[in-house]
Amino acid sequence: MALIPSLIFITGGVRSGKSRFAEKMAIELAHKTGGRLTFLATGVPSDPEMKDRITKHKLDRESSNASWRTLEKTVQIGEMAEVIDHQDIVLMDCVTTLLNNELFQTNQEWTENFLTNVKDQIVSGILTIKKQARTVIVVSNEVLHEPFSENKLVLAYVRVLGAIHQMFVRASDQAFLVEAGIPIMMKGDQS
Amino acid sequence: MHFVTGGAFNGKRKWVKKLYQVHEACCWISAYENHPFPASINDRDRDFLVLEGIELWLKQILQTEDVNNYRDFFRNRIHHWLEWEMEKPSRKLVIIGTDISKGIVPLEKENRLWRDITGWVYQDLAAKAERVDVIWYGINQIMKGQTLQ
């Protein structure tokens with residue numbers, strides 16, 4: 001039997017098809033292992049647009065013929081490890097939402113300490129879940145290919161996000177960049 | 001000359017340090033550390049140099065240099081760097097530039113121009129470099145040339 005990857009990291013631009021690819025991958029892994037599909041929902045339905053987006057993603061998952069268990073957690077994602085076991089193929093979509101939640105849940109000042117804590121909260125949280133689960137698939141956004149020199153807050157945000165992405169790629173067994181619906185394998189064995 | 005590019009905070013510096021087994025202290029000239037643009041590198045007492053943050057220097061130079069001469073000005077710099085490298089077989093120059101080309105069109109004219117010029121200069125750098133890598137969160141893709149080390 002082929003080795004089942006323990007951590008898969010997927011990024012792509014807006015509407016690149018990264019979520020669809022991630023879901024497809026999760027479903028295939030669940031078939032292969034007889035595992036349970038678990039979706040980690042991180043979005044806060046804070047306004048009508050966000051509500052619509054969440055509903056759309058939900059309907060997409062429901063119409064895919066696969067049955068998903070949905071767990072909702074907007075911050076301190078690692079606490080979800082308690083309800084996850086070796087059966088679970090966990091899909092977490094996406095890192096930027098989680099980062100936004102952690103950064104903006106309080107009115108805390110963005111000190112180095114705070115930013116480091118947020119980064120660790122997210123990365124070690126996911127890695128804790130990975131230890132429990134069969135596979136964790138982490139989805140994030142490609143947003144680092146434009147100039148950022150002007151705004152300090154934006155600069156802090158992208159610095160943390162870049163660091164998180166690097167840590168996930170390093171910890172992953174497979175990493176993919178999705179361009180226009182086509183996944184490019186950046187890390188892992190081609191097979 | 002080795003040109004290394006990729007998005008911001010993708011681990012370009014770390015990757016270069018690992019590949020060449022060096023530390024910043026050895027040889028880093030960096031726009032991110034507010035070092036001025038090294039118009040000449042002949043006075044550097046090193047055989048291995050890294051010029052980092054090309055896009056930021058381009059923005060600074062854009063404020064002084066006439067736009068029409070801009071690309072020629074930079075091609076001359078590249079020519080000078082290559083000459084420096086060829087003087088000794090042990091010499092090596094690594095250029096790091098962040099890819100700023102994939103966001104939405106900037107509102108301000110000067111930022112549009114900056115983005116255009118950065119893209120053109122990167123094309124010139126890639127054309128002259130013997131090796132080009134794109135770094136994606138610490139992973140390199142060789143776009144040109146071969147693994148040397």
Side-chain angles (χ1 to χ4, degrees), chain A residues 7-16 18 95-96 99 115-116 119 122-123 138-180 183-190, chain B residues 4-18 30-35 52-63 96-119 121-122 133-143:
Chain A
L7 182 67
I8 302 170
F9 181 69
I10 298 169
T11 67
V14 176
R15 300 285 162 230
S16 60
K18 58 188 185 301
V95 173
T96 49
L99 180 57
L115 293 173
T116 305
K119 186 169 68 189
I122 292 172
V123 175
V138 174
V139 180
S140 196
N141 279 298
E142 283 293 334
V143 292
L144 303 175
H145 292 80
E146 56 179 308
F148 296 114
S149 51
E150 302 299 326
N151 184 312
K152 276 207 168 113
L153 280 183
V154 177
L155 201 61
Y157 181 92
V158 292
R159 184 161 51 87
V160 171
L161 185 63
I164 290 173
H165 285 183
Q166 287 184 50
M167 287 157 111
F168 279 137
V169 167
R170 203 176 316 132
S172 69
D173 304 301
Q174 296 179 354
F176 296 88
L177 171 63
V178 182
E179 297 272 19
I184 306 163
M185 187 180 239
M186 305 294 284
K187 183 180 178 184
D189 294 325
Q190 308 276 355
Chain B
V4 178
T5 185
F9 304 107
N10 267 248
K12 298 185 288 299
R13 179 190 292 196
K14 198 191 255 178
W15 182 81
V16 167
K17 278 161 63 177
K18 199 173 166 205
S30 175
Y32 305 138
E33 312 290 344
N34 297 316
H35 299 159
E52 180 185 67
I54 288 293
E55 77 287 352
L56 284 192
W57 283 320
L58 288 172
K59 193 174 193 183
Q60 291 162 14
I61 298 165
L62 197 55
Q63 283 155 7
I96 301 177
T98 297
D99 180 2
I100 56 167
S101 68
K102 298 189 180 93
I104 52 170
V105 180
L107 287 174
E108 312 81 9
K109 191 178 176 193
E110 60 190 81
N111 284 335
R112 288 197 294 275
L113 189 63
W114 172 40
R115 200 171 69 148
D116 288 346
I117 278 164
T118 302
V121 166
Y122 284 7
D133 282 85
V134 173
I135 310 300
W136 183 81
Y137 309 123
I139 291 176
N140 71 305
Q141 270 187 305
I142 301 179
M143 310 301 283

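The structure displayed is predicted, hence computed values, not measured ones. Each chain gets a letter, A, B and so on, in the order the sequences are listed, and its residues count up from 1.
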_Pick from Gly138(B), Ser101(B), Gly103(B) with the largest number of heavy-atom pairs that fall under 4.5 Å of chain A_ = Gly103(B)
*Any donor-acceptor pair under 3.5 Å linking the side chain of Gln166(A) with the backbone of Phe9(B)?*
yes
*Go through the structure and list residues passing side chain to side chain contact (heavy atoms under 4.5 Å, CB included) with Thr118(B), not counting sequence neighbours.*
Glu55(B), Leu58(B), Ile100(B), Trp114(B), Tyr122(B)
_List the residues meeting side chain to side chain contact (heavy atoms under 4.5 Å, CB included) with Asn10(B), not counting sequence neighbours, and say none if there are none._
Leu144(A), Trp136(B), Tyr137(B)
*So what's closer than 4.5 Å to chain B heavy atoms on Val158(A): side chain, backbone, both or neither?*
both
_For a side-chain contact (heavy atoms from CB on, under 4.5 Å) check, start with the C-alpha distance between Arg115(B) and Glu146(A), then their side-chain angles and the critical distance, and finish with the verdict._
CA-CA 9 Å; Arg115(B) 200 171 69 148; Glu146(A) 56 179 308; over 6 Å; no
*asked:* Out of Thr11(A), Val143(A), Val160(A), return the one with the most heavy atom pairs under 4.5 angstrom to chain B.
replied: Thr11(A)
